[in-house]
Protein chains: 2
Amino acid sequence: MSSNPINTKSRILDVTWNLLENGDKTVRMSDIAKAAGISRQALYLHFPNRAELLVATTRHIDVVKNVDARLERSRSATSGVERLHAFIEGWGGYIPQIHGMSVALRAMRSTDKEAAAAWNDRMKAVRHGCEAAVQAISQDGSLTRDLTEEAATDLLWTLLSVENWERLVRDCGWTQSAYEKTIKQTAEAALLSQS
Amino acid sequence: MSSNPINTKSRILDVTWNLLENGDKTVRMSDIAKAAGISRQALYLHFPNRAELLVATTRHIDVVKNVDARLERSRSATSGVERLHAFIEGWGGYIPQIHGMSVALRAMRSTDKEAAAAWNDRMKAVRHGCEAAVQAISQDGSLTRDLTEEAATDLLWTLLSVENWERLVRDCGWTQSAYEKTIKQTAEAALLSQS
DNA sequence: GTGTCAACTTTACACGGTGTCAAGCAAAGT
DNA sequence: ACTTTGCTTGACACCGTGTAAAGTTGACAC
């Protein structure tokens with residue numbers, strides 16, 4: 001063979017990730033091909049379309065950055081509040097690394113069903129983490145009486161959205177640590193019964 | 001004249017608004033033309049491009065729905081908290097009516113500079129309202145010591161984003177009143193010093 | 001009633017980006 | 001020698017936006 005196919009495939013994923021996170025403009029298939037050092041058509045030999053390339057890239061990032069381990073850490077927390085903090089740190093700290101990816105995937109949602117499904121899947125996983133934190137708080141008896149567990153989960157999930165991170169960190173110029181600190185405070189203020 | 005040009009122009013705006021709010025799919029220029037009962041090309045006789053049509057439509061909605069009056073009402077509030085409530089009601093209640101518009105405009109941000117500017121302008125206006133509410137709270141001496149006025153404005157602004165409304169009302173199935181109630185509670189919990 | 005203007009029509013095409021198709025080529029494996 | 005694998009080049013269809021040009025129709029002026 002002229003080159004190792006496995007290397008090419010993962011090189012495409014690396015390059016796609018890199019372009020999405022560091023590229024200023026919109027990333028076209030031809031940009032990715034050029035950066036990977038192959039022809040645009042060769043891209044379609046590895047991935048059937050743009051959506052699947054993006055989805056594969058998210059999975060690739062997850063493996064490299066080990067999201068599972070990141071989010072798993074919050075499970076070892078004893079109290080609900082600790083768990084909340086650990087989850088906000090875990091997910092909130094992951095956002096900057098998938099932000100470019102997230103923008104591209106979200107932009108495809110309107111036209112591509114598969115991209116929408118991929119994004120929803122990832123968000124469902126985050127919601128699941130929120131749910132676990134809320135349940136831990138509830139079991140501590142610290143959940144505010146104003147919210148059901150489901151409503152509290154929805155609210156926390158919304159608070160932790162990539163869009164909110166974008167606005168505070170990228171648009172408003174907050175530092176990552178200011179973001180995490182304030183989101184923790186806000187989440188606590190909104191979810192915990194003041195006692 | 002074969003028909004009144006002013007009627008045609010405002011008919012286009014009405015129809016665009018209607019399609020954006022009620023149409024399921026992505027709205028193309030040809031969809032708008034068809035709905036307005038004119039040829040696609042005639043659209044370009046009234047608006048130079050898609051971005052300007054969308055921008056004109058937002059202005060049109062503003063006039064019809066009288067946003068200014070809506071948001072102005074919060075100025076008459078006496079206390080900071082009252083002002084916060086009035087603003088959340090005013091803006092939060094406006095979101096559902098411009099939601100479709102917002103989606104379309106935001107989708108163009110990446111490619112069209114003018115669309116991005118138009119959206120940023122509108123968001124700047126909302127931020128200004130947030131700032132006024134925060135200042136009123138601050139003057140009451142009720143602003144939490146954890147946040148500067150600017151950070152509090154950023155946070156409130158983020159809380160009141162169209163994206164958060166989308167998630168809670170559209171994705172999570174909250175009613176408009178549940179949304180408004182919970183956002184008020186959350187904003188109060190996050191911004192006010194607990195005394 | 002002839003002429004002009006304005007609103008709009010039809011037809012055609014350029015452009016950018018995605019995705020498809022087909023033929024060819026070069027190196028590695030057997 | 002021959003096949004397979006991983007690519008290349010080149011061409012093309014599709015879609016949506018935007019442009020260009022020539023033609024139609026009705027209202028109004030004189």
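Below, chains carry the letters A, B, ... as their sequence lines are ordered, and counting in each starts from 1. Side chains are part of it too, since the values below use all heavy atoms of this structure and drop only hydrogens, waters and symmetry mates.
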To the nearest Å, how far apart are [X] [atom1] and [N] [atom2]?
{"X": "Ile38(B)", "N": "dA6(C)", "atom1": "CD1", "atom2": "P", "value": "18 Å"}
{"X": "Arg50(A)", "N": "dC15(D)", "atom1": "CZ", "atom2": "P", "value": "19 Å"}
{"X": "Asp31(B)", "N": "dC15(D)", "atom1": "CG", "atom2": "P", "value": "13 Å"}
{"X": "Asn7(B)", "N": "dA6(C)", "atom1": "CG", "atom2": "C1'", "value": "15 Å"}
{"X": "Lys34(B)", "N": "dT9(C)", "atom1": "NZ", "atom2": "P", "value": "14 Å"}
{"X": "Tyr44(B)", "N": "dC13(C)", "atom1": "OH", "atom2": "P", "value": "18 Å"}
{"X": "Leu45(B)", "N": "dG18(D)", "atom1": "CG", "atom2": "P", "value": "14 Å"}
{"X": "Glu114(B)", "N": "dG18(D)", "atom1": "CD", "atom2": "P", "value": "10 Å"}

Does a distance-only test, which skips hydrogens and angles, find a donor-acceptor pair under 3.5 Å between the side chain of Arg40(A) and the base of dG17(C)?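 No, no donor-acceptor pair under 3.5 Å.
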
In terms of side-chain geometry, is the basic nitrogen of [X] or [Y] positioned less than 4.0 Å from the acidic oxygen of its partner?
{"X": "Arg28(A)", "Y": "Asp31(A)", "result": "yes"}
{"X": "Glu166(B)", "Y": "Arg106(B)", "result": "yes"}
{"X": "Asp112(A)", "Y": "Arg50(A)", "result": "no"}
{"X": "Arg11(A)", "Y": "Asp14(A)", "result": "no"}

In terms of side-chain heavy atoms of [X], which of [options] is nearest?
{"X": "Arg28(B)", "options": "dG17(C), dC8(C), dT17(D)", "result": "dT17(D)"}
{"X": "Ser39(B)", "options": "dT10(C), dT18(C), dT9(D)", "result": "dT10(C)"}
{"X": "Gln41(B)", "options": "dT18(C), dT11(C), dC8(C)", "result": "dT11(C)"}

Write down the atom of Met108(B), the atom of Ala115(B), and the distance for their closest heavy-atom approach.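 Nearest heavy atoms, Met108(B) then Ala115(B): CB-CB, 3.6 Å.
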
Counterpart base for dC30(D), defined by Watson-Crick or G-U wobble contacts under 3.5 Å: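 Answer to the pairing question: dG1(C), which forms a Watson-Crick or G-U pair with dC30(D).
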
OP1 or OP2 of dC7(D) less than 4.0 angstrom from a side-chain nitrogen or oxygen of Thr8(A), does that happen here?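 For dC7(D), OP1/OP2 do have a side-chain N/O of Thr8(A) under 4.0 Å.
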
Less than 4.0 angstrom between a side-chain N/O of His46(A) and OP1 or OP2 of dC7(D), yes or no?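 True: His46(A) side-chain N/O within range (under 4.0 Å) of dC7(D) OP1/OP2.
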
